[in-house]
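We use all heavy atoms of the structure for the numbers below, so side chains are in, but hydrogens, waters and symmetry mates are not. Computed from a predicted structure; not experimentally measured. Both counts, for ligands and for their atoms, begin at 1 and track the order of listing. All residue numbers in this chain count up from 1 along the given sequence.
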Amino acid sequence: MNLRAPKGTDDILPPASRTWRQVLRAWEDWAERFGYDLIQTPVFEQTELFARGVGESTEVVQKQMYTFEDRGGRSLTLRPEGTAGVVRAYLENGGTGEMKVAYSGPMFRYERPQAGRRRQFYQVGVEYLGVASPEADAEVIEVGYRFIVEAGVPGLEVALNSLGDATCRPHYLRELRGWLEERRDALCDDSRATMELNPMRVLDCKVCRDVVAGAPAPVDSLCGPCQQHFEAVKNRLRQNGIPFIEDPRLVRGLDYYTRTAFEYIGTELDAAQNAVGGGGRYDGLAESLGGSPAPGVGLALGIDRVLLASSADPPSVLDAFVVIANEARRDVAMGLVSDLRQEGVRVDVLADDRSMKAQFRAADRRGAPAVVIVGDEWDDGVVAIKDLRSGDQETVKIGEVAAWLVGR
Ligand code: HAM
C-alpha cells in the first residue's frame, strides 16, 4: 500500500508540533482567563444537524461534507465545524441558562487542498450561549483577538459587520434580491444559482466582486434594536482597545448568523485563505435545530492558518537533557531524572548506552538548553551542568539541580 496520509490531511510531527502544543496551551489559557469551561462533543453527528444548522444552501453542506452511512443505516457526517454540535449538546442538556464553553479539535471539509486550506483542519473556538447582550459579542471577539496577537500573527485585522435579525433581514434580502435580479446577466453562473437561495452569499463571490460593489449592504437596513446592538458591540471593543474595521461586505459562509459577524484577517497571508478565524451571533440556530429559542455567539480560529501566519521558532520541550558520562552511573542518573520530573522539570535521557558525543547530539536535536552530566563527581554530591547556548559549565549540588534549571 502507499504510506501517504490522505489528500488534504497532515501529520504534525516534531519540531513543528512543539509550536502546535505551545499555541494550543496558550489557547486553553486565554479561554480560561475569559471564563470558558471545556466542552467536548462528538467528531461525527447526524447529518441533519449540519444540514439544518449550517444551512442547506451553503457550500459547506452542498459540497464539502464527509457524509457516510454507519452499519446501522444512519446518515452521519464528520463535523465540518463545531457550533452546531455545541448547540445540540446545550439543547440536549436542558437548553436553558448561560453556558460558556471552549473547544478544540479536528474539523473536516472536502475542499481543494492548498496551504491553509485542508480537508482535515484544526479549530479552537468558544460558544457563549443563553445571553443576548452585546457584551457577549464583544467578549468573544476579544478572546480571539488576544489569543491571535499572542500567537504572533502579523498584520492582524478584525473585520466587523452586522447582518440584521429576523425582523430586518427579510426586508433586506428582498431588496438585495431585486437589485441582483436587475444585474442577473452580469453575474457568474454560481452567483445566479446562489442568488435564489442565499442572496447574501453573492456579496462574497470573488468573480462578481465588481458587479456587486454597489449592492445594498445589510448594515444599511438594520432595524432599531439591531443598530443599538451593533453600536454597543463597537463601543465595548473601542473601550477595551480592540481595533476593528467595519466591513459592510462581510458575510459568512454559514447560514446561522444574526446581527454580529466578524473575521480575523491575517493581512500578510495569501488572500484566498487569509481568514484565520471568524464567528458571530446566531440567535436563531437553536430554534432551527428544533430546540427552544436560545441566543448565542461564538468564534472559531483555524490553527493551521494561525501557525502559517506566525513565524515563531519552535520552542524547546525540555529544560535539560541528562547525559550519563559512565554507564555504571545509570542507576543514579535514572533516579535523578525521575526526581526532576516529579519536581516539575522537563527532562529527558537516552534509554540505551551511547557515547557522550551521541548523547550531546541527542540533547542538541531535542533543543535542550542545558545538559546535566552525571559522572564520577556524583560521589561528591554534585553534577556538572552545561549551558548549551553559552557553553558555560557549572558544578551544582544534586539537591539543587531542579531549582537551578527552572530558576534560570
Ligand atoms: P468558519 O469561518 O467556517 O466558521 O471557520 C473558522 C475558521 O476555521 C476559518 O476562519 C479558518 O481559519 C478555519 N478553516 C475553515 N475551513 C478551513 C480549511 N478547510 N482549512 C483550514 N482552515 C479552515 C466556523 O466554523 C464557525 N463555526 C465559527 C463560529 C463559532 N461561529 C460562531 N461560533
Side-chain angles (χ1 to χ4, degrees), residues 7-10 12 23 27 31 36 39 41 45 49-50 53-55 58-61 63-66 78-88 90 99-129 136-137 139-141 143-145 147-148 151 153 156-159 161 163 201 204 250-266 269-286 294-310:
K7 191 172 172 187
T9 69
D10 301 292
I12 314 291
V23 162
W27 165 253
Y36 289 85
I39 189 168
T41 61
E45 297 269 2
L49 176 75
F50 301 115
V54 171
T58 59
E59 204 167 325
V60 169
V61 171
K63 300 189 187 155
Q64 298 181 338
M65 297 212 297
Y66 280 91
L78 296 182
R79 60 182 182 195
E81 59 99 54
T83 311
V86 171
V87 174
R88 196 258 320 128
Y90 173 80
M99 183 172 91
K100 289 177 67 169
V101 286
Y103 53 89
S104 69
M107 307 288 159
F108 307 85
R109 296 184 193 176
Y110 189 80
E111 304 224 43
R112 192 190 305 252
Q114 49 186 291
R117 191 172 291 280
R118 316 300 296 152
R119 290 183 172 171
Q120 175 172 330
F121 58 100
Y122 201 96
Q123 276 188 351
V124 301
V126 300
E127 308 297 343
Y128 192 158
L129 285 151
D137 310 40
E139 180 187 285
V140 164
I141 295 172
V143 68
Y145 178 80
F147 162 74
I148 304 172
V153 174
L156 178 63
E157 273 179 7
V158 181
N161 198 13
L163 305 177
R201 292 290 314 145
D204 207 28
L250 173 73
V251 289
R252 307 258 308 126
L254 316 169
D255 266 1
Y256 47 62
Y257 293 107
T258 51
R259 296 193 166 170
T260 312
F262 58 90
E263 271 177 3
Y264 303 96
I265 309 291
L269 279 174
D270 199 41
Q273 57 274 334
N274 66 0
V276 294
R281 179 162 281 286
Y282 46 83
D283 292 345
L285 176 55
V297 56
L299 68 80
L301 307 168
I303 293 300
D304 308 74
R305 290 189 191 175
V306 167
L307 289 176
L308 208 59
S310 73

| query | Can you list, by chain and residue number, every protein residue with a non-hydrogen atom closer than 4.0 Å to ligand 1? | reply |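 Only Glu81, Thr83, Tyr103, Arg109, Glu111, Gly116, Arg117, Arg118, Phe121, Gln123, Glu127, Arg252, Leu254, Tyr256, Tyr257, Ala275, Val276, Gly277, Gly278, Gly279, Gly280, Tyr282, Gly298, Leu299, Ala300, Gly302, Arg305 have heavy atoms that fall under 4.0 Å of ligand 1, ordered by chain and number.
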| said: So, applying side chain to side chain contact (heavy atoms under 4.5 Å, CB included) with Tyr257, which one of Val251, Leu163, Leu285 is it? | reply: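 Option passing the side chain to side chain contact (heavy atoms under 4.5 Å, CB included) with Tyr257: Leu163.
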| message | Can you confirm whether the side chains of Thr41 and Tyr103 place a donor and an acceptor under 3.5 Å from each other? | response |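 Per modelled atom types, Thr41 and Tyr103 side chains form no pair under 3.5 Å.
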| request: Assess the side chains of Glu139 and Tyr36: does a donor N or O sit below 3.5 Å from an acceptor N or O? | output: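 Judged by distance alone, the side chains do pair up.
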| query | Any Lys/Arg nitrogen of Arg252 or Glu263 sitting under 4.0 Å from an Asp/Glu carboxylate oxygen of the other? | reply |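 So Arg252 pairs with Glu263 through a salt bridge.
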| Is it true that a side-chain atom of Asn161 and a backbone atom of Leu250 form a donor plus acceptor pair closer than 3.5 Å? |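 Indeed, once roles are kept as given, a pair shorter than 3.5 Å links the two residues.
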| message | Could you check whether any side-chain heavy atom of Leu301 comes within less than 4.5 Å of a side-chain heavy atom of Trp27, counting everything from C-beta outward? | response |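 Side chain of Leu301 against side chain of Trp27, heavy atoms only: contact under 4.5 Å found.
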